[in-house]
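A short worksheet on the structure shown next.
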Amino acid sequence: SSEDTAKTPSEEDTTEKRIRILIVEDEIITAMDLTRQLEDMGYVVVDIITKGQEAIEKAAMYHPDLLLMDIMLDGDVDGIEVAEQTKELDIPVVYLSAYTDKNTVERAEKTSPYGYLPKPYQANELHSTIETALQQHKAGKEKIGKLEQKITTKEKELKMEKTAVFFIIAIIGSMFAYGVATRSMT
């Protein structure tokens, strides 16, 4: 019967529709607590990564909607380097870090993050930072899409203008040639 196949709202809310977040955090207890908080907020945590180089690989593999990035990580690659090396993937980055010194913040800012939350943070700060980051990223993509559409339109208009100029030149040339030809006949 149709009642048996009807889905509850929670069943309709598939992981495909929910925001997917990759956590890059070297402190596993912090990462597990963060996972719980994010899942309570309705997000999907695709993985927890503790090493920078692995984070680069997993970001490309999962292509999450957001990277929550600690700055100090296990291994030779820190969170700032991960953000730099994954920039072409167009995934917004929000830093979560206990490091708020000027040099670290300036290095992080050069990667154009969508947020920087100092640890410890409050759950509501985390949620609002994530939502703001996602909205800013979406708005940026829409703006780029509109600009690309305008460029395409202008390119088409320019192509039509070039074609019109070509035909006008061809007509003028034909008229000139006709004039020269008729003059020589007389």
For Ile91 and Pro64 the tightest heavy-atom approach is CG2-O, 3.5 Å
Checking side-chain contact (heavy atoms from CB on, under 4.5 Å) for the pair Leu67/Thr86: CA distance, chi angles, key distance, verdict? CA-CA 10 Å; Leu67 290 173; Thr86 57; 3.9 Å; yes
Working note: Lys119 + Asp70, criterion side-chain contact (heavy atoms from CB on, under 4.5 Å); need CA distance, chi angles, decisive distance, verdict. CA-CA 10 Å; Lys119 292 178 186 176; Asp70 188 11; 3.5 Å; yes
Hey, could you give me the CD/CG distance between Glu25 and Asp74, rounded to the nearest 0.5 Å? 9.5 Å
Step by step, would you call Tyr43 with Leu66 a side-chain contact (heavy atoms from CB on, under 4.5 Å)? CA-CA 10 Å; Tyr43 302 117; Leu66 184 89; over 6 Å; no
side-chain contact (heavy atoms from CB on, under 4.5 Å) between Glu161 and Leu158, worked out: CA-CA 5 Å; Glu161 287 174 12; Leu158 187 58; 4.2 Å; yes
Are the side chains of Ile21 and Ile130 in touch, meaning some heavy atoms are under 4.5 Å apart? yes
In short, Ala31 meets Ile48 closest at the heavy-atom pair CB-CG2, 3.5 Å
State the NZ-OG1 distance between Lys156 and Thr152, to the nearest 0.5 angstrom. 6.5 Å
Apart from Phe166 itself, members of its ILVMFWY cluster (side-chain separation under 4.5 Å) are Phe167
Taking the side chain from Arg20 and the backbone from Asp65, do they hold a donor-acceptor pair closer than 3.5 Å? no
Exercise: identify the closest heavy-atom pair between Leu96 and Leu126: CD2-CD1, 4.1 Å
Calculate, to the nearest 0.5 Å, the distance between atoms CG and CD belonging to Leu147 and Glu142 respectively. 12.0 Å
Keeping Thr104 on the side-chain end and Thr100 on the backbone end, is there a donor-acceptor pair under 3.5 Å? no
Under the ring-ring contact (aromatic ring centres under 6.0 Å, His included) test, residues paired with Tyr114 that sit two or more places apart: His137
Minimal heavy-atom distance between Leu73 and Val24, with the atoms involved, is CD1-CG1, 3.5 Å
Atom pair CD1 (Ile56) and CD (Gln85), whose distance is rounded to the nearest 0.5 Å: 3.5 Å
When rounded to the nearest 0.5 Å, the distance separating OH of Tyr99 from OH of Tyr116 is 10.0 Å
Spacing of CD1 belonging to Ile23 relative to CE belonging to Met69, to within rounding of 0.5 Å: 11.5 Å
If you count every heavy atom of other residues, nucleotides or ligands that lies below 6.0 Å from Lys87 atom NZ, does the total exceed 12? yes
Going by the rule side-chain hydrogen bond (donor to acceptor under 3.5 Å, both in side chains), which residues pair with Thr129 if we only count those two or more places apart in sequence or in a different chain? none
How close do Ala123 and Met41 get, heavy atom to heavy atom, and via which atoms? O-CE, 3.3 Å
With side chains defined as the heavy atoms from C-beta onward, is the minimum distance between Leu68 and Leu38 less than 4.5 Å? yes
So which of Ile29, Leu34, Ile28, Thr30 actually passes side-chain contact (heavy atoms from CB on, under 4.5 Å) with Met32? Ile28
Decide if atom CD of Glu106 counts as having more than 12 heavy atoms of other residues, nucleotides or ligands within a radius under 6.0 Å. yes
Heavy atoms from other residues, nucleotides or ligands near CD of Gln122 exceed 12 (cutoff 6.0 Å): no
Give a yes or no on whether Asp76 atom CG has more than 12 heavy-atom contacts from other residues, nucleotides or ligands under 6.0 Å away. no
Answer yes or no: does atom OH of Tyr62 have more than 12 heavy-atom neighbours from other residues, nucleotides or ligands under 6.0 Å? yes
Report yes if the side chains of Glu81 and Arg107 come closer than 4.5 Å at any heavy-atom pair, otherwise no. yes
Testing the basics here: between Ala108 and Ile71, what is the closest heavy-atom pair and its distance to 0.1 Å? CB-CD1, 4.4 Å
